[in-house]
K.L.:
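Got a structure for you, written out below as structure tokens; questions coming shortly.
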Amino acid sequence: MKKNYTINLTFTSQEGLVARIALVLERRSYHITSLQITELNDQYAQMQISICGMEDRFEQICKQLQKLVNIVSLEVKESSTIKLEAVAA
């Protein structure tokens with residue numbers, strides 16, 4: 001069953017890390033629905049990733065992300081689906 005998750009990562013800034021994270025998600029057939037990166041200071045940055053994919057593969061993704069050398073912390077939240085409707089005036 002597909003579910004939506006939000007992952008908050010804090011990491012030391014380094015070139016190519018965003019590509020490595022995206023590759024981990026791609027290999028597990030997860031779809032990135034939203035990506036936001038914020039620089040905290042010269043040394044650290046924070047990334048919020050909203051993803052959708054199979055529940056049974058998610059734990060493996062978290063373990064693989066934690067193995068990346070630059071990851072300082074990882075926090076996971078299961079997202080609820082929000083539907084927005086446009087109303088014609």
Side-chain angles (χ1 to χ4, degrees):
M1 176 179 194
K2 285 192 175 186
K3 285 194 172 185
N4 296 317
Y5 297 94
T6 300
I7 301 173
N8 292 314
L9 297 169
T10 302
F11 57 94
T12 55
S13 298
Q14 183 183 23
E15 285 186 24
L17 185 62
V18 175
R20 289 172 50 201
I21 291 170
L23 189 58
V24 168
L25 296 170
E26 179 187 9
R27 286 180 179 164
R28 296 286 178 219
S29 300
Y30 265 75
H31 175 69
I32 298 173
T33 56
S34 173
L35 178 67
Q36 179 181 356
I37 302 171
T38 307
E39 189 173 38
L40 301 175
N41 55 38
D42 290 341
Q43 195 173 20
Y44 295 102
Q46 190 171 34
M47 179 185 302
Q48 183 178 46
I49 310 166
S50 297
I51 58 175
C52 179
M54 299 302 290
E55 183 179 8
D56 59 340
R57 297 180 191 156
F58 187 72
E59 186 175 329
Q60 183 65 30
I61 285 174
C62 291
K63 287 178 183 178
Q64 288 180 326
L65 288 175
Q66 287 175 328
K67 287 181 182 180
L68 294 176
V69 175
N70 303 76
I71 302 297
V72 176
S73 71
L74 183 143
E75 180 184 318
V76 177
K77 295 179 183 176
E78 188 173 331
S79 304
S80 58
T81 305
I82 300 172
K83 292 184 179 182
L84 301 175
E85 293 183 19
V87 178

K.L.:
So, using ring pair (Phe, Tyr, Trp, His ring centres under 6.0 Å) as the criterion, who are the partners of Phe58 when residues are at least two apart?
P.N.:
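Residues passing ring pair (Phe, Tyr, Trp, His ring centres under 6.0 Å) with Phe58: Tyr5.
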K.L.:
Enumerate donor-acceptor pairs with a distance under 3.5 Å from any side-chain N or O in residues 18-37 to protein atoms, sequence neighbours excluded.
P.N.:
unit_1: Tyr30; atom_1: OH; unit_2: Met54; atom_2: O; d: 2.3
unit_1: Thr33; atom_1: OG1; unit_2: Ser50; atom_2: O; d: 3.0

K.L.:
Please enumerate all residues that pass side chain to side chain contact (heavy atoms under 4.5 Å, CB included) together with Glu75, with sequence neighbours excluded.
P.N.:
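Scan of Glu75 (side chain to side chain contact (heavy atoms under 4.5 Å, CB included), adjacent residues dropped) gives Asn8, Lys77.
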K.L.:
Could you work out, with side chain to side chain donor-acceptor pair (under 3.5 Å) as the rule, every residue matching Thr12, not counting sequence neighbours?
P.N.:
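Listed in chain order: Asn70.
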K.L.:
Kindly compute the distance separating CG (Leu40) from OG (Ser13), expressed to the nearest 0.5 Å.
P.N.:
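Taking CG in Leu40 and OG in Ser13, the distance rounds to 8.0 Å.
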K.L.:
Does atom CG of Asp56 have more than 12 heavy-atom neighbours from other groups under 6.0 Å away?
P.N.:
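Buried by this count: over 12 neighbours within 6.0 Å.
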K.L.:
Just jot down the salt bridge (Lys or Arg N to Asp or Glu O under 4.0 Å) partners of Glu39, sequence neighbours excluded, or say none.
P.N.:
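Glu39: no salt bridge (Lys or Arg N to Asp or Glu O under 4.0 Å) contacts found.
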K.L.:
Once rounded to the nearest 0.5 Å, what's the spacing between atom CD of Glu78 and atom CD of Glu55?
P.N.:
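Answer rounded to 0.5 Å: 7.0 Å.
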K.L.:
Distance check, rounded to the nearest 0.5 Å: Leu65 atom CG versus Ile49 atom CD1?
P.N.:
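These two atoms lie 6.5 Å from each other.
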K.L.:
Ile51 and Leu74: same hydrophobic cluster, using ILVMFWY side-chain contacts below 4.5 Å?
P.N.:
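Yes: a chain of side-chain contacts under 4.5 Å links Ile51 to Leu74.
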K.L.:
Which residues satisfy the side chain to side chain donor-acceptor pair (under 3.5 Å) test with Gln46, sequence neighbours excluded?
P.N.:
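Counting only residues at least two positions away or on another chain, Gln46 forms no side chain to side chain donor-acceptor pair (under 3.5 Å).
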K.L.:
Please report the interatomic distance CD(Gln60) to NZ(Lys63), rounded to the nearest 0.5 Å.
P.N.:
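Between atom CD of Gln60 and atom NZ of Lys63 there are 6.0 Å.
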